[in-house]
Amino acid sequence: MAEPLFSIDGLSVGYRTPRGLLRALDEVSLSVPRGGALGLVGESGSGKSTVVMAALGLLAPSARVTARGARFDGADLLAAAPSLRGRRIGVVFQDPAAALNPALPVGLQVIEAALLHRPAPRAALLERAAGLLGELGIARPHDVLAAYPHQLSGGMKQRALIAAALLPEPDLLLLDEPTTALDVTVEAQILDKLAALQAARGLSMLLVSHNLGVVDRLCDTVAVLYAGRLVESGPTAAVLATPQHPYTRALLAARPGPARTRLVPIPGNLPDLTVADPGCNFRPRCPLAEAACAAPQALTLRADGRAVRCRRAGVVADTPLPAEAVADARTVQSAPLLEGRGLVRSFRRGGWFAPRSTVHAVADVSVAIGRGEVLGLVGESGSGKSTLGRLLLRLEPAEGGTLAFDGQAVPAAPAAAFRRRAQIVLQNPDTSLNPRQRIGTILRRPLARFGLPAGTEQVAALLAMVRLPADYASRFPHQLSGGEKQRVGIARALASRPDFVVCDEAVSALDVSVQAAVLNLLADLRAATGVALLFISHDIGVVAHIADRIAVMYRGRIVEEGPAAEVLRPPFHPYTEALLSAVPVVGAGDRVARIRLAGEPDAPAPPGGCPFAPRCPRRIGEICDAQAPPWRTPSSGHRIACHLPLDG
Amino acid sequence: MSAALAVPRRLPPAALLAGGAIVLGFIVLALLGPWLAPYDPTRFAVRLRFTPPSLAHPFGTDEFGRDVFSRVLAGARYSLAMGFGATGLSLLFGVPLGLIAAIRRGAVETAIMRGTDLLISLPPILLGLLILAVTQPGLGKTILAVGIVYTPILVRLTRAVALGVLAEDFVLAARARGESDVSILVREVAPNALAPIIVEAGLRVTFAILLGSALSFLGLGPQPPSSEWGLMIAESREFIAQAPWIGLAPGFALCALLMSVNLFGEGLRAWLDPRAHG
């Protein structure tokens, strides 16, 4: 086998902390062959970004780096990293908004690295940059180069940054969660273009991601990192089809999807990296662990190119995961619990010196939720789904429309009775709890507010309900992990025994293993308490897992709504179809037809017509721009707002 | 990083301890001044006029033969009262106004903030003069005037900090419980906004002392024969050439107090502000 372009052998990175040496990476070995793509997978805290920083020589000076060897194209990587980065190793980071200087035009920043490393006239470089942007699917690249960052959408910025990394013609492209901050339709376009670029230029790539679907889409080999150690590697298709390490298998099993089986979360938390553990460090969370796992585990290389760090690897395949069907208590009564009709909410932009314009975040939306029902609300960022959730709780003033709860009209300033019965769980566990209050205080408040008994007992019962120990009542939020904080947020919302809860991206900020546990918890609580949920998410997989009915929003309007199973199968609204096909699915291969949306989510829509018309791959013609689409009902309770005839 | 009400678990920095110790020393001097002073600060001794510093009179005597050391000791209470009293007043007015302006967007906010802008647009000394010109001068009036002068700054700061906290998700959760504005301000906003406000207030004490002394210097503070330091400096001007110690003593005392309060305030900022710790 030829020498790989990029290889690290036994790389360890440690940081000195007051509690001892923190082992961020423990003897990690990886290689990227010429023209190959390696996916590096792991949850937050696994050390995957540390690998990227080490390869770039950009670790903090306090980091203690040791390696048996690290080579790039025959040179010593650790010594040569400063001269390689930007020139022969290009890099794209997660947040395109943070990576661009807002005060400089994009074009200048795209050619900056190339200007530094492969000097050429600016005009020529800009011309080449425009060509690259064209390859990346940007229609008018010269306009993008002349623009300032704030004038571009996230997807455009990220493409500009990919072009900037590619312009000096690097041999290796490091991609650190390159599409995580983007909408799924934009992510799909970028992944397609990256795959095409890799094929066309023989580019090598190291892709870091928490998303197994993204890795499966782009990479031929994959390496799984857990708490600083490599636990499994091998050809992507084989590893994802028949995972050998219990952690890899657990990661795959924790992903939600349309299957109505209970998710299998990974119990426990990441180990404390300051405590040296020579044995398998996944042991405390592993269902297959036995006493001998406390002995050091070697990464065993097998004949088929796969490597596993688990002495029980053979047993993994033979021990099926529990497949528990979810109780299907999804009877929907005729009278809805909550009904919003013709809700409108708009925001004004501009003012004194800029032209005024009105953006309809929610434009004439009617929605109904039955008792004990879970309505999933999906859409890209800016579709108005969070605003709709807040309108339904009267947390934002509606400009039009009516809201009824349990048969009663809800006024603009609702009474305490409505507040008690309609609650919210928010996205970000770090900001949804008051950092100055103890968990006990946080949970006692809703009880006291609504005149319920609010003693230590009740707080302990709430903690038990979300499966947290009673002594957490005396802790402060920063002493909890993200998943634990989210459980407290759920307990706070359910404290007053509400009948309806809005879950606004309630699991989106969590790692997949934790997300599975929280989704299971929500499903259990819903079965136990009969609470109805409006489950808002950009992740159609999560919504498909939990929702009884699904509503799809696009630019302030619901474009499709119906029972989950009906929405997820044809006939589709063209937007739903595109959303579903954009989600990178593990093991999808080339089986699914790829529908890609042109343009950006904020493309202006013609007034009066269908809001999706400018991007619609199935646009019929003038009628789409001129007339509001009619509701079509392919089956009872399923409606699609589209001009396309149903049999088309 | 920090846990309960604004008190971090790390050790306070040296500046905070040193500044705090000196400020504490001044407070002790101010309280015990009358008993510590070797002479009555207002007793005339015409034969001892303009005595240079000596063992008997460490800071010398003034034009009426009064002991300058005793007068400086007795004056400490005025400066401290003006610094802390005026800052306390501006906190008392400024923090509630700032919180109200933050939560009541619209007409109330506009009224408070435009009023604030009006006050801020006048130079502090002029505004102080304006307030004092219409009333009888005295220590209480000076404190009130300085307190009013520094209120707008605290209104603005409080509003800015509170707006940041109000945008947090836990406030939305409180609104979903239908909490009243007062409850949101008291339970959710104030505990999270207090740290930067306390730090700013600590630094404001310096300015308040300085402005109070300046107003006294102009004759709009405590009246003779009181020994407020600004007043002492003003009275010593005529004799600066023949007896410089009369003005220098209160000048140095003022300087030392200002520096220690400033040290204390900066130390407080370093201690309470998590960003100062990387």
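Sequence lines set the chain letters: A, B, ... in the order given, protein chains first and strands last, and positions in each chain run from 1. Please read these numbers as outputs of a predicted model, since none were measured by experiment.
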Exercise for the section: Using non-hydrogen atoms and a 4.5 Å limit, figure out which bit of A:R420 sits close to chain B: side chain, backbone, both or neither. Expected result: neither

Handout entry: Neighbour count above 12 (heavy atom, 6.0 Å) for A:E399 CD
Key = yes

Practice task
With a 4.5 angstrom heavy-atom cut-off, could you sort out which part of A:R390 is near chain B: side chain, backbone, both or neither?
Solution key: side chain

Practice task
Sequence neighbours left out, what pairs pass side-chain hydrogen bond (donor to acceptor under 3.5 Å, both in side chains) with at least one residue falling in residues 102-114 of chain B?
Solution key: B:R104-B:D181, B:R105-B:E109, B:E109-B:R159, B:R114-B:D117

Exercise for the section: Go through the steps for A:D504 and A:Q427 under the test side-chain hydrogen bond (donor to acceptor under 3.5 Å, both in side chains), then give the verdict. Expected result: CA-CA 6 Å; A:D504 191 353; A:Q427 171 174 8; over 6 Å; no

Exercise for the section: Please flag which part of A:A422 lies under 4.5 Å from any non-hydrogen atom of chain B: side chain, backbone, both or neither. Expected result: backbone

Exercise for the section: Using the test salt bridge (charged side-chain N to carboxylate O under 4.0 Å, His left out), find all partners of B:E179 that sit at least two apart in sequence or belong to another chain. Expected result: A:R445, B:R177

Handout entry: A:L395 portion near chain B, given a 4.5 angstrom heavy-atom threshold
Key = side chain

Handout entry: Side chain / backbone / both / neither for A:F450 at chain B, heavy atoms under 4.5 Å
Key = side chain

Handout entry: Short side-chain donor-acceptor distance under 3.5 Å, B:D169 and A:S432
Key = no

